[in-house]
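On a predicted model such as this, the values are computed, not experimentally measured, just so you know. Computed from heavy atoms alone, side chains included, the values below leave out hydrogens, waters and symmetry copies.
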Amino acid sequence: MKTPDQFPRPVMRTSSVARKFLAAHTRFAHLVLCAVLLSAGGAATASEEDRVLAAVDALFDAMRNRDAKALQSAFLPEGRLGTEDTEGWIRSVSTSEAYLDEVTFDETVLIDDSVAMAWTPYNLFVNGEFHHCGIDLFSFRKVDGQWKILQIDDTRREEPCDPKRRGDER
């Protein structure tokens with residue numbers, strides 16, 4: 001009688017599509033594992049992530065309310081929007097006649113000590129009508145127990161977007 005290692009082994013061939021799928025699946029599994037390890041490592045608690053997202057919400061609440069003082073207080077003094085300082089943007093938003101409503105969803109927050117990053121897909125509505133979507137990338141510093149915005153960069157596009165998303169999923 002033959003032992004299992006004496007039988008010929010079947011040759012398995014995978015298509016290039018299957019190999020790409022497996023490679024992508026493996027990369028995704030590694031990303032999930034890294035995220036779990038980061039969050040399990042005590043670097044940030046869920047409530048601290050909520051505080052970062054509350055700072056994002058406060059910025060957009062101030063934008064909806066055209067509140068220049070609240071907009072200014074969301075940023076560090078050296079805060080930037082892309083390559084610009086915040087002064088012109090705050091003036092523009094707080095004096096706009098249009099109602100600006102930016103909503104985020106599916107946010108990702110990473111925190112290490114007094115530094116945080118938030119990756120926030122968003123939809124922007126102007127006077128209640130969908131205008132564009134994109135990604136906001138926030139960089140934060142924790143100062144005196146408060147998360148303050150150091151930098152915001154963003155993308156803007158009209159497609160592909162889901163203009164019905166209002167950010168209520170969180």
Side-chain angles (χ1 to χ4, degrees), residues 22-94 96 100-126 130-157 160-170:
L22 290 172
H25 181 67
T26 302
R27 283 191 299 273
F28 178 74
H30 284 127
L31 287 172
V32 169
L33 178 61
C34 288
V36 168
L37 291 174
L38 280 173
S39 64
T45 63
S47 61
E48 198 64 22
E49 291 172 3
D50 290 341
R51 287 186 196 106
V52 169
L53 291 176
V56 171
D57 290 342
L59 175 76
F60 294 133
D61 287 344
M63 190 171 83
R64 281 185 279 279
N65 294 323
R66 299 179 186 103
D67 185 339
K69 187 175 180 181
L71 287 166
Q72 186 65 45
S73 72
F75 289 90
L76 288 167
E78 65 273 22
R80 313 276 301 162
L81 283 149
T83 60
E84 305 294 321
D85 66 27
T86 60
E87 200 172 294
W89 179 79
I90 290 171
R91 186 174 37 258
S92 173
V93 168
S94 63
S96 175
L100 304 172
D101 182 18
E102 188 162 334
V103 294
T104 67
F105 42 86
D106 299 336
E107 300 90 346
T108 300
V109 176
L110 298 174
I111 303 171
D112 184 46
D113 194 36
S114 63
V115 175
M117 180 213 76
W119 177 274
T120 64
Y122 74 88
N123 281 338
L124 178 68
F125 299 87
V126 178
F130 176 78
H131 191 266
H132 67 266
C133 70
I135 300 290
D136 286 328
L137 174 60
F138 290 86
S139 177
F140 292 92
R141 291 260 178 197
K142 194 173 195 181
V143 177
D144 298 327
Q146 300 292 314
W147 289 106
K148 298 289 184 177
I149 301 167
L150 176 63
Q151 175 82 30
I152 303 175
D153 282 302
D154 68 322
T155 62
R156 297 173 193 168
R157 62 184 173 278
C161 299
D162 180 0
K164 293 183 174 101
R165 296 264 336 235
R166 297 295 301 185
D168 301 326
E169 292 82 12
R170 197 176 346 135

S.K.: At their closest point, which heavy atom of Arg165 faces which heavy atom of Asn123, and how far apart are they?
M.R.: O-ND2, 3.0 Å
S.K.: Please enumerate all residues that pass ring pair (Phe, Tyr, Trp, His ring centres under 6.0 Å) together with His131, with sequence neighbours excluded.
M.R.: none
S.K.: Ignoring hydrogens, what is the shortest heavy-atom contact between Arg156 and Tyr122? Give both atom names and the distance.
M.R.: CG-OH, 3.3 Å
S.K.: Specify the closest pair of heavy atoms between Ile90 and Ala68, including all atoms of both residues, with the distance to one decimal.
M.R.: CG2-O, 3.9 Å
S.K.: Quick one, Val126 and Leu100 - any side-chain contact, counting heavy atoms below 4.5 Å?
M.R.: yes
S.K.: On a heavy-atom basis, which atom in Gly88 and which in Asp85 lie closest, and how many Å separate them?
M.R.: N-OD1, 4.0 Å
S.K.: Please check if the number of heavy atoms outside Glu87 that lie under 6.0 Å from its CD is greater than 12.
M.R.: no
S.K.: How many angstroms lie between atom CZ of Arg51 and atom CH2 of Trp147, to the nearest 0.5 angstrom?
M.R.: 10.0 Å
S.K.: Quick check: closest heavy atoms across Asp153 and Gly82, and the distance to 0.1 Å?
M.R.: OD1-CA, 3.1 Å
S.K.: What's the spacing between Glu102 CD and Leu124 CG if we round to 0.5 Å?
M.R.: 5.5 Å
S.K.: To the nearest 0.5 Å, how far apart are CG in Leu53 and OG1 in Thr120?
M.R.: 8.5 Å
S.K.: Where the side chain of Ser73 meets the backbone of Ala70, is there a donor-acceptor pair that is under 3.5 Å apart?
M.R.: yes
S.K.: Distance check, rounded to the nearest 0.5 Å: Thr86 atom OG1 versus Gln72 atom CD?
M.R.: 4.5 Å
S.K.: Side-chain contact, heavy-atom cut-off 4.5 Å: Val52 with Glu49?
M.R.: no
S.K.: Kindly list each side-chain donor-acceptor pair under 3.5 angstrom involving residues 134-143, sequence neighbours excluded, with atom names and distances?
M.R.:
{"residue": "Lys142", "atom": "NZ", "partner": "Glu48", "partner atom": "OE2", "Å": "2.7"}

S.K.: Might you point out which heavy atoms bring Ala118 and Val56 nearest each other, and give the distance in Å?
M.R.: CB-CG2, 4.5 Å
S.K.: Roughly how far apart are Leu110 CG and Trp119 CH2, rounded to 0.5 Å?
M.R.: 11.0 Å
S.K.: Hey, could you give me the CE/CG distance between Met63 and Leu71, rounded to the nearest 0.5 Å?
M.R.: 8.5 Å
